[in-house]
Structures are given as C-alpha cells and as structure tokens.
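Some notes on the structure that comes next.
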2 protein chains.
Amino acid sequence: MDEINEVLRKAPLFEALDEEDTAALRSSVNEVRLGRGQTLFNEGDEGDRLYVILSGKVKLTRTAVDGRENLLGVLGPSEMFGELSLFDPRPRTASAVAVTDSVLAGLGHDDLRPFLSSRPQVGLQLLKSLAARLRRTNDVMADLVFTDVPGRVAKALLELADKFGKEGDDGLHVHHDLTQEELAQLVGASRETVNKALAEFALRGWLRIEAKAVVLLDVERMRRRAR
Amino acid sequence: MDEINEVLRKAPLFEALDEEDTAALRSSVNEVRLGRGQTLFNEGDEGDRLYVILSGKVKLTRTAVDGRENLLGVLGPSEMFGELSLFDPRPRTASAVAVTDSVLAGLGHDDLRPFLSSRPQVGLQLLKSLAARLRRTNDVMADLVFTDVPGRVAKALLELADKFGKEGDDGLHVHHDLTQEELAQLVGASRETVNKALAEFALRGWLRIEAKAVVLLDVERMRRRAR
DNA sequence: TCAACAGTGTGACGTATATCGCAACCGAGT
DNA sequence: ACTCGGTTGCGATATACGTCACACTGTTGA
C-alpha cells in the first residue's frame with residue numbers, strides 16, 4: 001500500500017500534494033489490474049478517466065482505417081495518460097493496451113476537481129506536463145520529416161533507455177518489452193526496415209539484441225547516429 | 001479599440017471573462033506590430049510571453065541543424081501561441097514569424113496569474129486548448145506516417161480553408177498567404193512534390209491555383225483524397 | 001514430441017518522393 | 001522598360017523505404 005502512495009507521489013501531477021492530500025486522493029482512486037496484451041480502453045470509447053501507472057508498461061496506439069497501427073508512446077511507472085478526455089470531453093483518440101502485466105490507478109474528473117480548486121499547483125502541474133508533452137510530440141514530428149529510419153530507431157532506443165534502462169557491467173540494458181513490430185509502429189516504419197537497422201547497429205557493435213530488449217554498448221555512437 | 005476587445009474576447013482563452021475582466025486584461029496587455037516576414041521570437045530565445053493574434057497571420061517554424069525548416073502551423077486572428085514557455089519555462093522551441101502584416105497582443109505570466117486564480121475557467125480553458133492541440137498534433141503525426149504527400153496537401157488545404165476560407169460564387173477562396181515552399185514545410189515534403197500535387201488537383205478541376213492562395217472548386221473530392 | 005504459431009532475419013523488387021536542373025513567370029524596384 | 005530576386009512549373013535521375021516472399025528460431029501447449 002505504501003508503495004502505491006510512493007509511486008503516486010512521484011507522479012509529477014501529485015508532487016505538490018502533502019501526506020494528507022495524498023491519503024484523500026488514495027480513497028477516491030480505483031485500482032485497475034491488466035494482464036499483458038489486455039486493453040484498458042479503445043479509440044472511440046467514451047471515458048473521462050485519467051490513469052497513473054503504478055507498475056508495468058502501457059502502450060498508447062492509434063489505428064488507421066485500413067488497420068495499420070501507430071504507437072504514440074510507451075509509458076512506465078508514475079507516468080499518466082488519458083488526461084486529454086478529462087479536459088476536452090471527446091471520445092478517446094487512442095487505445096491503451098498493457099505491454100506487460102500492469103497495475104494502474106484511475107481517477108475521474110470529479111475525483112480531481114477538489115484538488116484543482118484547492119491546490120492551484122495541481123492545475124499548473126497539469127498545464128506544465130501537457131506543455132512538455134506537446135513539445136515532445138513536436139520533436140517527434142520533426143524527426144518524422146527530417147530523420148531517416150535508422151536515426152529514428154536510435155532515438156527511440158535512447159528514449160526507452162532513459163525510461164527503462166538499467167546499467168549493467170556489459171552495457172545499458174533496455175528491457176522495452178516491445179516486439180520489433182511494435183518498435184516499428186513507434187518510429188513510424190515497417191517491421192523489416194527496423195529489423196535491418198537494428199541488425200546494422202548490432203553489426204557495428206553499438207548494441208546487442210535480446211528478446212524484447214536491447215543492450216546498448218556504445219551510447220555515444222547511438223546518440224550521434226540519432227541526430 | 002473596441003475591435004481589439006472583440007477579438008480578445010473571441011479567443012477561447014478569454015471567452016469566460018466578462019466585460020470588466022476584459023478591460024482589466026487590456027491594460028496589462030502590450031501590443032506588437034509586425035511586418036510581413038518579421039520574426040517575433042526565435043527558437044532558443046528566452047521568453048515567457050503568450051501572444052494572441054489580433055489581426056494578420058503568424059507561422060510557427062522549427063529549424064533543423066542543417067537549416068531545413070518545418071512549419072508547425074499557421075495561426076490567424078484570435079488564435080494564441082507561445083503558451084508553452086509560460087508553463088514549462090524553457091527556451092522557445094519554435095520561431096514565430098509574421099506571414100502577413102500582423103498585430104498581436106502579448107501578455108506575460110505575471111499578467112495572467114491573477115486571472116488564473118480568480119477565474120478557474122481560464123485555467124481550464126487553457127488545459128482544454130492544450131489538450132485539443134495535443135490531439136491535433138497526434139493526428140498530424142499519424143498522417144505523416146500513413147498518408148502520402150498529395151493526401152497531406154489536400155488535408156492541409158482543407159484545414160487552411162476552415163481557418164481562412166471565404167465562400168465566393170466561383171468556389172471557396174483560401175488565401176493562405178503561404179509560398180509553395182512554406183506549404184511544403186507545413187506538410188513535411190519537398191517544394192517540388194507539393195507543386196506537382198497541386199498541379200494534379202488543378203488538372204482534375206478540384207481547385208484553382210492563385211498567388212499565395214487556392215480556390216477550392218470540389219471540396220468533396222478533396223476531402224475524399226485527403227483520407 | 002511434435003505441431004502450431006508468433007516473432008525474427010534477410011534478400012529481391014517496385015515505387016513514392018527527394019534531389020537536381022533549368023526554364024518561365026511575376027512584382028518591385030531603379 | 002529592364003533587370004533581378006523570389007517564385008512557380010516540370011522533367012530526369014537517384015534512393016530510401018515499403019512490400020512481398022520465405023526460411024529460421026524459440027516458445028507454448030496438446
């Protein structure tokens with residue numbers, strides 16, 4: 001239980017809250033458990049709940065009319081998603097699917113309202129996080145236009161490393177839990193080209209490929225390749 | 001003067017304000033006049049001011065290391081920009097350049113703070129508008145991955161039509177004031193391909209090309225081509 | 001133990017689009 | 001009236017990447 005408080009407090013959204021507030025929040029939160037591959041909500045669903053990841057990983061995906069998919073991102077513990085429907089009440093524009101077994105805290109507009117009025121920091125924090133997200137999304141967009149697929153793959157891996165990387169004595173282990181297909185959807189390319197890019201990196205000794213993970217061996221060169 | 005109040009009040013950000021508030025706002029606002037091609041701020045500049053366009057058009061651009069550019073968007077009267085630095089105090093991540101002679105209202109964090117605390121609606125409106133922007137940006141990103149250049153051009157024209165279009169008896173006049181080069185940067189393609197796409201549309205009789213404008217003759221077909 | 005299947009690795013081929021090159025046009029000065 | 005920089009139009013060529021095809025591996029589970 002305490003760990004849940006811990007993770008919740010680490011979430012940027014709630015870092016302004018004190019002990020007492022967090023306790024109040026806990027009571028209005030509902031916990032959701034998802035198994036790997038299970039979907040929390042689908043594009044087009046109604047829903048105004050915001051979720052904070054307590055443990056596990058969740059991917060946000062969009063599906064084109066012809067069925068092709070596109071990953072908006074992969075989120076880990078203490079990250080949140082679903083806020084958009086909270087302030088702009090429309091159907092969800094992305095689906096949320098667990099990439100690993102996950103536990104989430106969900107809370108609705110009504111649960112959040114008291115905090116928004118009594119703790120202005122919460123609102124500001126929300127604005128700040130949306131602003132940061134918007135910046136990041138604009139970056140990714142620029143990459144789609146200017147950077148080739150290997151470059152985007154490198155960038156994506158480095159970002160995943162920031163989030164999920166664990167330093168080991170043989171390199172930086174990034175257990176992203178994504179298939180190459182998903183990785184491809186994340187960078188907006190075909191599975192095959194991503195595979196070839198990875199193979200090329202491995203050949204050069206910049207990384208080692210493992211099942212749903214990579215070990216970065218030469219972060220510096222990856223970084224240079226990325227831009 | 002009254003028209004300025006008018007435009008300000010039309011801005012989503014301030015639509016919750018009454019007569020009195022708007023007057024108060026007016027006093028803390030500073031007016032900026034820009035000539036065509038003049039830049040308001042550059043990527044990397046410090047600055048925490050938000051701008052509302054009173055008249056004219058402004059483009060937001062990003063420049064890659066090699067000098068290539070990318071338009072994030074073109075904004076018209078009553079639209080705002082620059083809010084990101086307001087809540088996430090970092091250097092600007094885009095440059096703002098006037099596409100036509102323009103008049104802007106600028107206000108800083110300090111000018112806005114009183115409204116944020118006394119009128120919770122303003123904060124919510126801001127959240128809502130950021131949420132909407134984020135959605136839109138995600139849409140554009142998906143298009144970059146899934147839609148070919150002619151499709152993206154069609155989409156961009158339809159969007160510009162929504163913003164700047166004027167119904168005439170010979171079609172829907174969209175005076176976007178962009179060169180084909182800028183249009184290309186907006187859709188993330190080369191000037192030449194955009195030119196060819198436009199020529200193709202014109203050949204089919206879907207539109208007529210004019211100087212820094214197009215006249216949409218068959219919106220329905222354009223819409224179909226866009227998706 | 002084997003079948004079935006999801007995921008991975010890699011080559012051959014086609015194509016959309018960038019890049020290059022140049023000609024025509026147009027509006028704004030001088 | 002005439003240049004001249006900024007546009008536009010459009011063909012020729014190069015290439016990165018998607019698509020297709022198939023073989024290989026590992027894992028699950030009957």
Side-chain angles (χ1 to χ4, degrees), chain A residues 35-37 59 64 66-71 97 99-100 142-154 156-157 175-204 207-215 225, chain B residues 35-37 59 64 66-71 97 99-101 142-157 175-204 207-215 225:
Chain A
R36 170 182 172 80
K59 65 175 177 180
D66 61 355
R68 282 183 302 173
E69 296 214 335
N70 179 357
L71 290 206
V97 179
V99 170
T100 66
D143 289 340
L144 279 176
V145 174
F146 294 131
T147 311
D148 61 5
V149 175
R152 302 206 302 266
V153 171
L157 290 179
H175 203 101
H176 50 64
D177 281 305
L178 301 176
T179 65
Q180 293 188 355
E181 177 69 45
E182 288 169 319
L183 198 52
Q185 291 166 356
L186 181 61
V187 303
S190 73
R191 205 257 315 158
E192 293 90 329
T193 15
V194 168
N195 177 298
K196 283 161 193 169
L198 285 174
E200 173 71 18
F201 291 155
L203 187 71
R204 300 193 178 202
L207 54 74
R208 187 151 35 82
I209 302 174
E210 299 192 344
K212 302 200 170 182
V214 294
V215 183
R225 184 59 181 83
Chain B
R36 170 179 172 81
K59 65 175 178 179
D66 61 355
R68 282 183 302 173
E69 296 212 339
N70 180 352
L71 291 206
V97 178
V99 171
T100 66
D101 294 352
D143 289 340
L144 278 176
V145 175
F146 295 130
T147 312
D148 63 5
V149 175
R152 302 206 302 268
V153 171
K155 239 174 208 159
L157 290 179
H175 202 99
H176 50 63
D177 281 305
L178 301 175
T179 64
Q180 291 187 357
E181 176 69 45
E182 288 169 319
L183 198 53
Q185 291 165 355
L186 182 61
V187 302
S190 72
R191 204 259 316 162
E192 293 90 330
T193 359
V194 169
N195 178 296
K196 282 159 193 167
L198 285 173
E200 173 72 18
F201 291 154
L203 187 71
R204 299 191 177 203
L207 55 75
R208 186 152 35 83
I209 301 174
E210 299 192 343
K212 301 201 170 180
V214 295
V215 183
R225 183 58 180 86

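Remember, it's a predicted structure, so these values are computed and weren't measured experimentally.
- What you find for A197(B) and V153(B) is that their closest heavy atoms are CB-CG2, 4.3 Å.
- Applying the 4.0 Å criterion to OP1 and OP2 of dG9(D), one finds that N195(B) has a side-chain N or O inside that range.
- Atom pair L144(A):CG and dC17(D):P shows a separation of 12 Å (rounding to whole Å applied).
- Separating the CZ atom of F146(A) from the P atom of dA16(D) is a distance of 18 Å, rounded to the nearest angstrom.
- For the pair K196(B) NZ and dT15(C) C1', the computed distance is 14 Å after rounding to whole Å.
- With K212(A) as the fixed residue, the side-chain contact (heavy atoms from CB on, under 4.5 Å) test singles out one of V99(A), L178(A), T179(A): T179(A).
- Interface remark: the R191(A) side chain does not form any donor-acceptor pair with the dG18(D) base, using a distance-only criterion of under 3.5 Å.
- Proximity of Q180(A) to the phosphate of dG9(C): a side-chain N or O atom is located under 4.0 Å from OP1 or OP2.
- Taking atom CD of Q185(A) as the reference point, atom C1' of dG18(D) lies 15 Å away to the nearest angstrom.
- Looking at every heavy atom in both residues, G37(A) comes nearest to V97(A) through O-CG1, 3.6 Å.
- Residues V194(A) and A211(B) both approach DNA chain D. Their nearest nucleotides, taken by heavy-atom distance, put A211(B) toward the 5′ side.
- If you measure from atom CG of D148(B) to atom P of dG18(D), you get 14 Å, rounded to the nearest angstrom.
- At whole-Å resolution of the value, CZ in F201(B) and C1' in dG9(D) are 16 Å apart.
- Of the possible donor and acceptor atoms, one in the side chain of R152(B) sits under 3.5 Å from a partner among the backbone N and O of V187(B).
- Put simply, the side chain of E192(B) and the base of dC20(C) share a donor and an acceptor less than 3.5 Å apart.
- Distance, R36(B) CZ to dG6(D) C1': 11 Å, rounded to whole Å.
- A sub-4.0 Å separation between OP1 or OP2 of dT17(C) and a side-chain N or O of S190(B) is absent.
- Across all strands, A189(A) comes closer than 4.0 Å only to sugar-phosphate atoms, never to a base (heavy-atom distances).
- The only option from R225(B), K155(B), K196(B) that meets the salt bridge (Lys or Arg N to Asp or Glu O under 4.0 Å) definition with D148(B) turns out to be R225(B).
- Closest to the side chain of R68(A), out of dT17(C), dT19(D), dG9(C), is dT19(D).
- Taking atom CD of E181(A) as the reference point, atom C1' of dG18(D) lies 13 Å away to the nearest angstrom.
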